[in-house]
Amino acid sequence: MRVVQKFGGSSVADAESIKRVARRVVATKERGHEVVVVISAMGDTTDELLDLAKQVSPHPRPRELDMLLTTGERMSAALLAMAINDLGHDARSLTGSQAGVITTGQHGNARIIDITPGRIVSALEDGDIVIVAGFQGVSQSTKDVTTLGRGASDTTAVALAAALDAAYCEIYTDVDGVFTADPRIVPEAQRIPQICYEEMLEMAASGAKILHLRCVEYARRERVAVHVRSSFSDKPGTWVKDMEYEETGMEQPLISGVAHDRSEAKITVVGVPDQIGKAARIFGIIAQADINVDMIVQNISHDPDGGGPMSGRTDISFTLGQDNGAKAIAALEAAKDEIGFAEIIYNDAIGKVSVIGVGMRTHPGVTARFFAALAAAGVNIDMISTSEIRISVVVAADVVDTAVRAAHSAFELDSDEPAIVYAGTGR
Ligand code: ADP
Ligand code: ASP
Ligand code: MG
């Protein structure tokens with residue numbers, strides 16, 4: 001059987017951990033499997049490299065940043081291969097490019113467009129364990145080295161599992177699987193034994209960084225079974241796969257999990273003329289700058305009959321990734337006269353809290369219960385958005401933890417057994 005195993009940064013934080021991972025990989029090989037390992041950079045290396053780049057240059061070119069960041073994964077791949085070789089097995093480390101991960105040219109956030117795994121397959125045929133540096137590839141057009149976005153080693157692993165027709169993809173991390181909330185915030189969170197792609201997609205899209213969003217999209221599209229588990233224990237973990245609740249005989253939970261996201265900011269465009277086409281223009285400018293927006297709220301018009309300076313005007317607020325904040329403001333300011341708004345207010349002291357569950361399709365009252373829990377905890381709601389299986393609210397950054405815990409308790413997700421966080425800094 002062919003398997004892909006991915007080990008995250010906290011699982012390979014130091015030399016001892018790398019040797020521990022090597023033993024785990026070898027044990028799989030000795031059970032008779034063909035093993036492809038995808039590895040992340042050691043500990044917080046990627047953040048440290050980013051900090052270092054900032055000390056050298058305030059706005060490094062994205063191409064050079066990718067050259068720098070990809071060294072993190074290259075380092076851990078080579079070290080893991082050495083540790084495996086010392087255990088008497090042949091291991092070969094490959095960069096993303098050598099492994100055949102072909103991407104778009106968008107540095108820092110490239111997408112995989114093809115995998116040509118010839119070198120991996122021939123190494124497996126030679127009986128080697130193959131170690132692939134995660135989170136990176138090579139641009140099809142420029143042949144430059146690219147990275148796939150923060151946390152994207154998960155995506156490398158699932159993409160390779162699909163291309164290699166692996167039986168499953170194991171994601172080894174610093175907690176025992178996917179929980180009903182981030183165990184770093186809610187120690188009472190429960191491990192979810194199995195979760196369907198759809199719910200996992202909403203969890204990842206809502207900020208649960210246990211799995212990279214594109215990894216889940218890839219897994220769903222290619223029907224890769226993903227097994228999330230701890231590299232520090234032998235506990236059973238979480239299977240992410242197709243699920244028919246009726247078939248499993250399990251009761252469909254009302255809410256499967258609570259997710260939070262601190263990476264967004266809110267922009268309010270104040271005093272937009274209340275005329276047809278203005279919203280289209282604002283979001284046209286944002287789209288041209290290649291920026292994704294998340295929630296959008298248009299407030300009621302100011303003082304429609306009052307005749308004051310703000311009469312016939314409205315405010316439009318939206319959320320976007322903090323890393324796009326400066327770019328969005330610059331793009332909008334450049335069109336200030338044309339659109340005719342008064343000012344822009346930027347706030348990055350916000351967080352998003354979401355409750356997710358396929359059960360809410362068929363059960364009314366979920367929103368009321370969620371909002372009542374927030375009110376009881378003294379949390380003010382700033383913005384709201386929903387999908388068929390998710391309700392999200394924006395709240396002040398300093399009450400995110402309170403809001404997550406309140407929602408978790410309100411939907412009776414608390415367990416008696418505390419969740420274990422084995423390692424990592426949560427950075
Ligand atoms: P790795 O370095 O292994 O990729 P990450 O830090 O990217 O690990 O992801 C694991 C972390 O995800 C956990 O330590 C935990 O704090 C966080 N997390 C957020 N939401 C959840 C959740 N619902 N279940 C489990 N972990 C979660
Ligand atoms: N090392 C990269 C990061 O920290 C990729 C990953 O770990 O998945 O984002
Ligand atoms: Mg990760």
Side-chain angles (χ1 to χ4, degrees), residues 5-13 17 21 38-51 65-66 68-77 96 108-110 132-137 147-159 170-193 195 199-200 202-216 226 228-232 235 237-238 240 255-263 353-356 400-401 404 407-408 413 419-427:
Q5 301 185 314
K6 178 258 174 179
F7 293 88
S10 50
S11 299
V12 290
S17 315
V21 165
V38 173
I39 197 85
S40 287
M42 294 170 69
D44 290 331
T45 300
T46 308
D47 288 299
E48 286 155 15
L49 290 171
L50 279 169
D51 290 347
L65 211 48
D66 275 357
L68 179 71
L69 294 187
T70 49
T71 61
E73 268 68 12
R74 214 169 146 151
M75 193 169 132
S76 44
N109 198 24
V132 179
F135 161 70
Q136 55 182 274
T147 61
L148 310 176
R150 298 304 308 270
S153 292
D154 299 338
T155 302
T156 306
V158 167
E170 289 183 315
I171 304 281
Y172 284 95
T173 183
D174 53 14
V175 289
D176 283 313
V178 180
F179 281 71
T180 48
D182 186 343
R184 285 179 208 270
I185 296 187
V186 187
E188 299 80 15
Q190 299 177 46
R191 180 178 60 85
I192 304 172
I195 186 168
E199 281 180 325
M200 195 61 235
E202 289 278 7
M203 294 270 286
S206 306
K209 73 166 184 160
I210 181 78
L211 285 179
H212 192 238
L213 175 58
R214 292 222 298 275
C215 140
V216 189
V226 177
V228 183
R229 51 194 307 201
S230 169
S231 68
F232 299 84
K235 296 205 181 145
T238 298
V240 186
I255 292 300
S256 293
V258 183
H260 72 282
D261 189 349
R262 297 179 204 278
S263 69
V353 177
S354 308
V355 297
I356 292 129
V400 167
D401 290 10
V404 171
H408 198 264
L413 296 172
I420 306 169
V421 178
Y422 295 90
T425 59
R427 191 170 171 182

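Atoms within a ligand are numbered from 1 in the order they appear, just like the ligands themselves.
- Within the listing of ligand 1, atoms 10 (C), 11 (C), 13 (C), 14 (O) sit less than 4.0 angstrom from a heavy atom of Asp174.
- The distance criterion of under 3.5 Å between nitrogen or oxygen atoms is not met by Asp154 with respect to ligand 1.
- Atoms of ligand 1 lying under 4.0 Å from any heavy atom of Pro183, numbered from 1 in the order shown and given with element: 25 (C), 26 (N), 27 (C).
- For ligand 2, one of its N or O atoms has an N or O atom of Ser153 under 3.5 Å away.
- For atom 3 (C) of ligand 2, the closest heavy atom belonging to the protein is Arg150 NE, 3.4 Å.
- For ligand 1, the atoms closer than 4.0 angstrom to any heavy atom of Met203 are 23 (N).
- The environment of Arg74 atom CZ is sparse: at most 12 non-hydrogen atoms of other residues, nucleotides or ligands sit within 6.0 angstrom.
- Ligand 2 lies within reach of Gly151, whose nearest heavy atom is under 4.0 Å from it.
- Regarding atom 4 (O) of ligand 1, its nearest protein heavy-atom neighbour is Lys6 NZ, 3.1 Å.
- Heavy-atom separations between Gly177 and ligand 1 include at least one value shorter than 4.0 Å.
- If you look at Lys209 next to ligand 1, the close heavy atoms, those under 4.0 Å, come from the backbone and the side chain alike.
- The heavy-atom pair separating Thr155 from Cys215 by the smallest distance is OG1-N, 3.0 Å.
- Remark: ligand 2 and Thr46 share an N or O pair separated by less than 3.5 Å (distance only, no angle test).
- The two residues Thr238 and Arg191 come nearest to each other via the heavy atoms OG1-CG, 4.0 Å.
- Backbone and side-chain nitrogen or oxygen atoms of Phe179 are examined, and one is located within less than 3.5 angstrom of a nitrogen or oxygen of ligand 1.
- Heavy atoms of Ala152 come nearer than 4.0 angstrom to ligand 2 in at least one pair.
- Contact annotation: Gly9 has at least one heavy atom less than 4.0 Å from an atom of ligand 1.
- Atom OH of Tyr172 sits about 10.0 Å away from atom OG of Ser11, to the nearest 0.5 Å.
- At the shortest separation from atom 15 (C) of ligand 1 among protein heavy atoms lies Asp182 OD1, 3.2 Å.
- Contact record, Glu199 with Ser256: OE2-OG, 2.7 Å, taken as the closest heavy-atom pair.
- The proximity of Ile210 to ligand 1, defined as any non-hydrogen pair under 4.0 Å, involves the side chain as well as the backbone.
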* Evaluate the side-chain contact (heavy atoms from CB on, under 4.5 Å) criterion for residues Phe135 and Thr46: first the C-alpha distance (whole Å), next the side-chain angles of each, then the deciding distance (0.1 Å), finally the verdict. => CA-CA 11 Å; Phe135 161 70; Thr46 308; 4.3 Å; yes
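- With ligand atoms numbered from 1 in the order given, ligand 1 contributes 1 (P), 3 (O), 8 (O), 10 (C) to contacts under 4.0 Å with heavy atoms of Thr173.
- In this structure, Asp176 pairs ionically with Lys235, as a charged nitrogen and a carboxylate oxygen lie closer than 4.0 Å.
- Residues Asp47 and Arg150 form a side-chain contact, since some pair of their non-hydrogen atoms from C-beta on lies under 4.5 Å apart.
- In terms of modelled atom types and a separation under 3.5 Å, the side chain of Gln190 and the main chain of Leu413 share a donor-acceptor contact.
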Fill in: Evaluation steps, salt bridge (Lys or Arg N to Asp or Glu O under 4.0 Å), between Lys209 and Asp154
CA-CA 10 Å; Lys209 73 166 184 160; Asp154 299 338; over 6 Å; no
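- Ligand 1 lies out of reach of Gly257, whose nearest heavy atom is not under 4.0 Å from it.
- Remark: ligand 2 and Phe135 share no N or O pair separated by less than 3.5 Å (distance only, no angle test).
- Within the 4.5 Å cutoff, side-chain heavy atoms of Ile39 are placed close to those of Val12.
- Not a single heavy atom of Val421 sits less than 4.0 Å from an atom of ligand 1.
- Close approach of ligand 1 to Val178 is summarised as follows: ligand atoms under 4.0 Å from at least one heavy atom of the residue are 24 (N).
- Of all protein heavy atoms, the one closest to atom 7 (O) of ligand 2 is Ser40 OG, 3.1 Å.
- Looking at Asp401, its side chain never comes within 3.5 Å of a backbone N or O of Ile185 through a donor-acceptor pair.
- Near Ala208, the atoms of ligand 1 lying under 4.0 angstrom from a non-hydrogen atom of the residue are 20 (N).
- Contact annotation for Glu73 and ligand 2: only side-chain heavy atoms (C-beta onward) come within less than 4.0 Å of the ligand.
- Distance alone, capped at 3.5 Å, places no donor-acceptor pair between the Glu73 side chain and the Ser40 backbone.
- The distance from atom CG of Leu65 to atom OG1 of Thr147, rounded to the nearest 0.5 Å, is 7.5 Å.
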